[in-house]
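Scope of the values below: all heavy atoms of this structure, side chains included, with no hydrogens, waters or symmetry mates.
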Amino acid sequence: MELSKHYDPAVTESGWYARWNANHYFNSFPDDRKPFTVVIPPPNVTGVLHMGHTLNETVQDILVRRARMSGFNACWVPGSDHASIATEARVVAMLRDKGIDKNSLSREEYLKYAYDWKETYGNIIYDQIAKLGCSVDWNRTSFTMDDHYYKAVISVFVDLFRKKLIYRGARMIHWDPAARTALSDEEVEYQDVEGILYFIRYPIIGSDEFITIATQRPETIMGDTAVCVNPQDPRYKNLKGKQINIPLINRQVPLIFDDYIDMEFGTGALKVTPAHDINDYNLGLKHGLKVINTLNEDGTLSPAAEIFVGMDRFEARKKIVERLRNEGFLMKEEAYATRLGFSQRSQAVVEPRISTQWFVNMKPLAGPALEQVFSGAIRIHPGEKFLATYKYWLENVKDWCISRQLWWGQRIPAWYDNKKRFVVAENEEAAIAAYRQEFGALQEGEILTQDEDVLDTWFSSWLWPMEVFRGITEPGNREIRYYYPGSVLVTGQDIIFFWVARMIMAGMEYMNERPFSDVYFTGMVRDRLGRKMSKSLGNSPDLLKLIEKYGADAVRFGIMISSPAGNDLLFDEAGLEQGRNFNNKIWNALKLVKGWQGRLAESPDKTESSAEMNFAVVWFENRFNQVKNEMQQLIAAFKLSEALKNLYSLIWDDFCSWYLEWVKPGYEQAMSPAIYKRTILFFDELLQWLHPFMPFVTEEIYHLLKDRGTGDDLCIKQFGAFADPDLRVLGTGGHLRALLTAGREFRQQHQMKNTEPISRIVLPGEIFGDNQSLYAIIRRQLNTSVIDFKTNELEKDQRIHVIPFLGHQIGFETEKKIDAVKHRHDLEEELSYYQGFLENLNKKLSNERFVKNARPEVVALEKKKKEDTEEKIAAIKLTLNG
RNA sequence: GGACUGCUAGCUCAGUUGGUUCAGAGCGCUGCUUUGACAGAGCAGAGGUCACUGGUUCGAACCCAGUGCAGUUCACCA
């Protein structure tokens, strides 16, 4: 069969993915093998996979495929997350485009639209996961709003409520005015912004005096219910018992005293607005102040504000500043650097707001989660970066606000009577029963009404490692017993609190066991210049287009090769190009090896060329063992990028550039069948080791290399055992390569083409021993027919070019005269380097303190270095004077 | 403001318990090479005061202290 010039991923990738699935290679069932369980961090159904997902999925696939090929029963569960706020925002926007107002719909009608949306986008994401080659078990696809999953979330809510770990109460929470819902602390992102500090004077009642306060938020003065100063502040001591008038609305509020006030800041006087600031709220509690909420849910001013009612808060700020200025209350404005909280999903500026919400009491859950990580039961990679953050968060964890004023999500299972008394139960029927028990029978005509709100998405995601195996809804079932706990969780470091810590809490609470043994945090994907990927910068590439252009293997390669463990990944298409070229390199090696198939010698091999005696074969086998050992260690330490680099270099340099050249038959020569067979085996195994990283090209070439029986697919081929490398063989290989390089350099310097033979090479015999196949390599690679070993008889002949080599001398004899001047110059430079080196060694060895204090091995090593260097110097001198 | 992490070749990063065959890799760069697997390539090569300043040590990219810069994260000072 004629093989194309370049490898073409498009034709092979879809075909192989379909075949793997048809053969159910990715479907897992509990059996006698050890499980290797990975649950995908479920992407939001709101959109498409971005490069961060691509990195995560690739890492997971590498680990899962490797486990599958290492005797484990690998199970990778795919799925998606309903992402309540984000999806609701998208669906509402979609409806608006269609001219439909969400508020005109019933809950049921709305949810129908939302589910349609989910079907469309969820499937796009799954298609991308497949295109990337991810070996997930599609039969296990889970969604956080599946029926059983929904039930699991509800039952966990009910259970935690009964355990008094969930409560309902009025608290100061973060309010997203755009999404019109409460948020958890984690969903608020702070940004430094340039603000203005306004100095406003408030009239003191019963005098002509004023007291000046400083604020960033003049639009909240209508919510002021006090002005506060430090009791130690001499400026204000005389104002005790005074009332203050709020400008514009003329409301009287008391002047209060509290240590909390920093006398240095601003004017040392604070306007207290308990409804709109957490600190003011606390002050209000302490001093029994009124709470006046001047903002509506959407961020406009409420009737309680009295003025500018219905105007947006930022617009109102401008107007109020204007009026304060006109009416003489605004004393000055100062530029002020501050920090504002933004909603992670809607980007709206978050408002502190007092509101009745549901909360999880986190402290009791945090303890075991902390212990799991600190005892080493759960290992975090890379540890040093995240341990401290993890610990701090858990030790200072605050209660988790879990209710959201949305429709897309699990509806809170609480039912209220007319008097707002409530019961929590799995469903309405149970609620009625529970109600009767707690409050007695319902009044005639009275009904219980379910809470309108839904739960935070993360309140469902935290059950993911359990409920994908129905561990909550069918506790103790066969699957949860087999697959739980999972092996490794791969995710972005940005959701360590949102998800990872909470999963550990839930796992400990409901399984009394960690949900996974290792957590591998990938970095953030940035562009080539280190900027975050964002839509507005247009630097976020389209995954499917990249796969179309380079192939999925190249995308995987490109993203892994530049992704050192735990560091941010600077995404650059150059890496993908490197991956594509790598595909092609392997493809061409295939073409070369296939070409030998028709040239196999008919007679059995003679001893000299038989594979076991052949230096190239022996050397490569050991080199491969060396890399296998290195890779094993690197992968165990989650250094996947390093492992891939080693393998890349093994294939490209050691296999293609050295090994294949060494065993390549000469022009019109036959190929040794024994060596051919070994070469195919090496190739097979190289593909196998590469397969987890680049599954498509390896599977394709594996099948082109040789006819395979049914079911002999690389995807499920089990790794064999491997030995430690023989270091002596590796050493000799290194010398051989150095010799060949020296020969090439010699040719380069003297403009000798490869076709022009070197008539004779003189080598010190002790370096390479008596392996004939090795000398055969030297002869062919350097294009020479004669190798002599009489180094001490190197004639003083213009045609002999003598160079120092590993403390010895080697000579190249040619037909033409060589340029001796440049040669001398190089040698002299080399000589002076070694002389300097020797001087240092001598200095060190004559230093009594060194000889006395250093370990004996080190001293011996230095002495050996000295001897070697002296030998080298002698060899160079001999050459120069020779 | 606190905490953490990093600073090694033009770029991205390795460098395990301190020992000048240890200053490395990939990409990029420079030169040469085109009938025989591969120009999506081959071969050869150039590039670094290991952020800075001190200290410990016979010896420091590596350990310690300080400084600078960058990044991450936490924090209620209006």
Side-chain angles (χ1 to χ4, degrees), chain A residues 3 5-7 172 190 197-198 213-217 228 260-262 264-273 277-283 336 338-339 352 382 384-389 392-393 396 493-494 496-497 523-524 528 530 561-564 566-570 572 574-575 577-578 580-596 633 637 639 641-642 645-646 648-649 652 656-657 660-661 664 667-668 740-741 744-745 747-749 751 753-754 834 836-837 840-841 843-844 847-855 857-859 861-862 864-865 868-869 872:
Chain A
L3 294 174
K5 186 166 158 54
H6 293 163
Y7 170 69
M172 184 66 91
Y190 292 91
L197 201 54
Y198 299 92
I213 56 92
T215 180
Q216 298 177 65
R217 304 202 57 190
C228 188
Y260 163 76
I261 302 302
D262 178 354
E264 305 297 316
F265 189 91
T267 59
L270 171 72
K271 73 193 251 324
V272 184
T273 324
D277 184 283
I278 178 70
N279 305 302
D280 292 12
Y281 179 69
N282 292 335
L283 267 180
Y336 182 62
T338 186
R339 237 167 54 108
E384 66 280 9
K385 269 192 178 159
F386 302 110
L387 273 181
T389 339
Y392 184 87
W393 188 77
N396 297 280
Q493 50 191 275
D494 49 332
I496 182 167
F497 307 134
M524 183 178 283
R528 200 162 49 87
I561 203 73
S562 55
S563 183
N567 278 20
D568 283 353
L569 160 76
L570 302 194
D572 188 350
E577 209 168 305
Q578 194 185 347
R580 185 196 59 187
N581 294 351
F582 187 35
N583 278 339
N584 204 44
K585 185 71 184 178
I586 305 169
W587 180 254
N588 278 294
L590 167 76
K591 281 162 67 181
L592 174 66
V593 172
K594 288 298 274 185
W596 297 341
Q633 282 175 26
K639 295 187 173 178
S641 179
E642 295 278 304
K645 273 180 192 166
N646 280 18
Y648 173 78
S649 165
W652 199 303
C656 293
S657 296
L660 289 179
E661 292 298 329
K664 187 190 266 183
Y667 188 60
E668 292 191 336
L740 300 183
T741 300
R744 286 168 185 162
E745 198 181 350
R747 283 182 183 279
Q748 186 109 349
Q749 276 172 5
Q751 277 98 46
K753 297 202 165 174
N754 291 335
Y834 281 117
F837 185 45
N840 275 335
L841 288 172
K843 222 186 280 173
K844 186 185 278 189
N847 182 338
E848 270 177 47
R849 283 181 298 183
F850 170 70
V851 181
K852 209 165 59 189
N853 296 327
R855 288 199 312 266
E857 310 93 83
V858 175
V859 178
L861 186 71
E862 296 300 307
K864 173 81 169 62
K865 276 187 207 163
D868 290 350
T869 310
K872 277 177 194 164

TODO: Mind running side-chain contact (heavy atoms from CB on, under 4.5 Å) on A/Leu197 and A/Gln216 for me, showing each step along the way?
DONE: CA-CA 5 Å; A/Leu197 201 54; A/Gln216 298 177 65; 4.0 Å; yes
- [ ] Classify the nucleic acid contact of A/Cys228 as base, sugar-phosphate or nothing, counting any heavy atom under 4.0 Å across all strands shown.
- [x] nothing
Open item on the list: So A/Arg339, base contact, sugar-phosphate only, or nothing? Heavy-atom distance under 4.0 Å.
Closed with: base
Open item on the list: Pair A/Lys664, A/Leu592 - check side-chain contact (heavy atoms from CB on, under 4.5 Å), show working.
Closed with: CA-CA 9 Å; A/Lys664 187 190 266 183; A/Leu592 174 66; 4.0 Å; yes
- [ ] Check the distance between B/G71's P and A/Leu570's CG and give it to me in whole angstrom.
- [x] 13 Å
Open item on the list: Can you tell me if A/Lys753 touches the phosphate of B/G42, counting only side-chain N or O atoms and a distance under 4.0 Å to OP1 or OP2?
Closed with: no
Task: Residue matched to B/A51 through Watson-Crick or wobble contacts both under 3.5 angstrom - done: B/U67
Open item on the list: Can you check the distance between B/C50 and B/G24, where both ends of the measurement are the C1' atom (answer in whole Å)?
Closed with: 12 Å
TODO: Have a look at A/Gln748 and say if it touches a base, only the backbone sugar-phosphate, or nothing, with a 4.0 Å heavy-atom cut-off.
DONE: base
Task: Counter-base of B/U20, judged by Watson-Crick or G-U geometry with both distances under 3.5 Å - done: none
Open item on the list: Under 3.5 Å for both donor-acceptor distances, Watson-Crick or wobble: does B/U73 have a partner, and if so which one?
Closed with: B/G2
Open item on the list: With rounding to the closest Å, how many angstrom separate the P atoms on B/C7 and B/G15?
Closed with: 10 Å
- [ ] Using whole Å, report how far CG of A/Leu569 lies from C1' of B/G71.
- [x] 16 Å
Open item on the list: Need one value for A/Ser657: base, sugar-phosphate or nothing, where a base atom within 4.0 Å counts as base even if backbone is also close, heavy atoms only.
Closed with: sugar-phosphate
Open item on the list: If I pick the P atom on B/C63 and the same atom on B/U16, what distance separates them, to the nearest angstrom?
Closed with: 9 Å
Open item on the list: Using the C1' atom as the point on both nucleotides, what is the distance between B/G59 and B/U20, in whole Å?
Closed with: 11 Å
TODO: Could you check how far NZ of A/Lys852 sits from P of B/U57, rounded to whole Å?
DONE: 14 Å
- [ ] Both distances under 3.5 Å, Watson-Crick or G-U wobble: report the partner of B/G31, or none.
- [x] B/C43
TODO: Output yes when at least one side-chain N/O atom of A/Lys5 is less than 4.0 Å from OP1 or OP2 of B/A39, else no.
DONE: yes
TODO: Would you mind classifying the nucleic acid contact of A/Gln633 as base, sugar-phosphate or nothing, using non-hydrogen atoms under 4.0 angstrom?
DONE: nothing
TODO: Looking at every strand, decide which applies to A/Ile213 at a 4.0 Å heavy-atom threshold: base, sugar-phosphate, or nothing.
DONE: nothing
- [ ] For B/C27 versus B/A41, give the span between their P atoms, rounded off to a whole number of Å.
- [x] 9 Å
TODO: Measure the acute angle between the ring planes of A/Trp587 and A/Tyr7, then classify it against the limits of 30° and 60° as parallel, tilted or perpendicular.
DONE: tilted
TODO: Would you mind classifying the nucleic acid contact of A/Phe265 as base, sugar-phosphate or nothing, using non-hydrogen atoms under 4.0 angstrom?
DONE: base
Open item on the list: Say we look at B/U35 and B/A9: how far apart would their C1' atoms be, to the nearest angstrom?
Closed with: 38 Å
Task: N or O in side chain of A/Trp652 less than 4.0 angstrom from B/G42 OP1/OP2 - done: yes
TODO: Could you check how far CZ of A/Arg580 sits from P of B/A39, rounded to whole Å?
DONE: 13 Å
TODO: Would you please confirm or rule out a distance under 4.0 Å between OP1 or OP2 of B/A78 and any side-chain N or O of A/Tyr336?
DONE: yes
TODO: Verify side-chain contact (heavy atoms from CB on, under 4.5 Å) between A/Leu270 and A/Phe265, making sure each step is shown before the conclusion.
DONE: CA-CA 9 Å; A/Leu270 171 72; A/Phe265 189 91; over 6 Å; no
TODO: Please state whether the phosphate of B/A41, meaning OP1 or OP2, lies under 4.0 angstrom from any side-chain nitrogen or oxygen of A/Asn581.
DONE: yes
Task: Donor-acceptor under 3.5 Å (A/Asp277 side chain, A/Thr273 main chain) - done: no
Task: Phosphate OP1/OP2 of B/G42 contacted by A/Lys585 side-chain N/O (<4.0 Å) - done: yes
Task: P gap between B/G31 and B/U73, integer Å - done: 45 Å
Open item on the list: Does a side-chain N or O of A/Ser649 approach OP1 or OP2 of B/A25 to a distance below 4.0 Å, or not?
Closed with: no
Task: Distance below 4.0 Å between A/Tyr648 side-chain N/O and B/C27 OP1 or OP2 - done: yes
TODO: Can you tell me the distance, in whole Å, between the CZ atom of A/Arg747 and the P atom of B/G45?
DONE: 15 Å
Open item on the list: When the P atoms of B/A61 and B/C52 are compared, how many Å lie between them, rounded to an integer?
Closed with: 11 Å
TODO: For B/G47, decide between syn and anti, treating a glycosidic angle within 90° of 0 as syn.
DONE: syn
Open item on the list: Does A/Gly523 reach a base, just sugar-phosphate, or nothing at all? Heavy atoms under 4.0 Å.
Closed with: nothing
TODO: Scan A/Thr389 against the nucleic acid and name what it touches under 4.0 Å (heavy atoms): base, sugar-phosphate only, or nothing.
DONE: sugar-phosphate
Task: A/Glu642 (side chain) and B/A25 (base): donor-acceptor pair under 3.5 Å - done: no
- [ ] Over all heavy atoms of both residues, which pair between A/Met172 and A/Tyr281 is shortest? Give the atoms and the distance, please.
- [x] CE-CB, 3.4 Å
- [ ] For A/Lys664, answer base if it contacts any base atom (sugar-phosphate contacts may also be present), sugar-phosphate if it contacts only those atoms, and nothing otherwise; contact means non-hydrogen atoms under 4.0 Å.
- [x] base
Task: Whole-Å distance separating the CG atom of A/Asn583 from the P atom of B/A41 - done: 12 Å
Open item on the list: What's A/Ala574 touching, base or sugar-phosphate or nothing? Going by heavy atoms closer than 4.0 Å.
Closed with: nothing
Task: Atom-to-atom span, OH of A/Tyr392 to C1' of B/G2 - whole angstrom - done: 8 Å
TODO: Find the distance A/Ile496:CD1 to B/U73:P and express it as a whole number of Å.
DONE: 11 Å
Task: Parallel, tilted or perpendicular, as decided by the 30° and 60° cut-offs, for the rings of A/Phe582 and A/Trp652 - done: parallel
Task: Partner nucleotide of B/G26 by Watson-Crick or wobble geometry (both distances under 3.5 Å) - done: B/C11
- [ ] Examine distances only and state if a side-chain atom of A/Asp568 and a backbone atom of A/Gly523 form a donor-acceptor pair shorter than 3.5 Å.
- [x] no
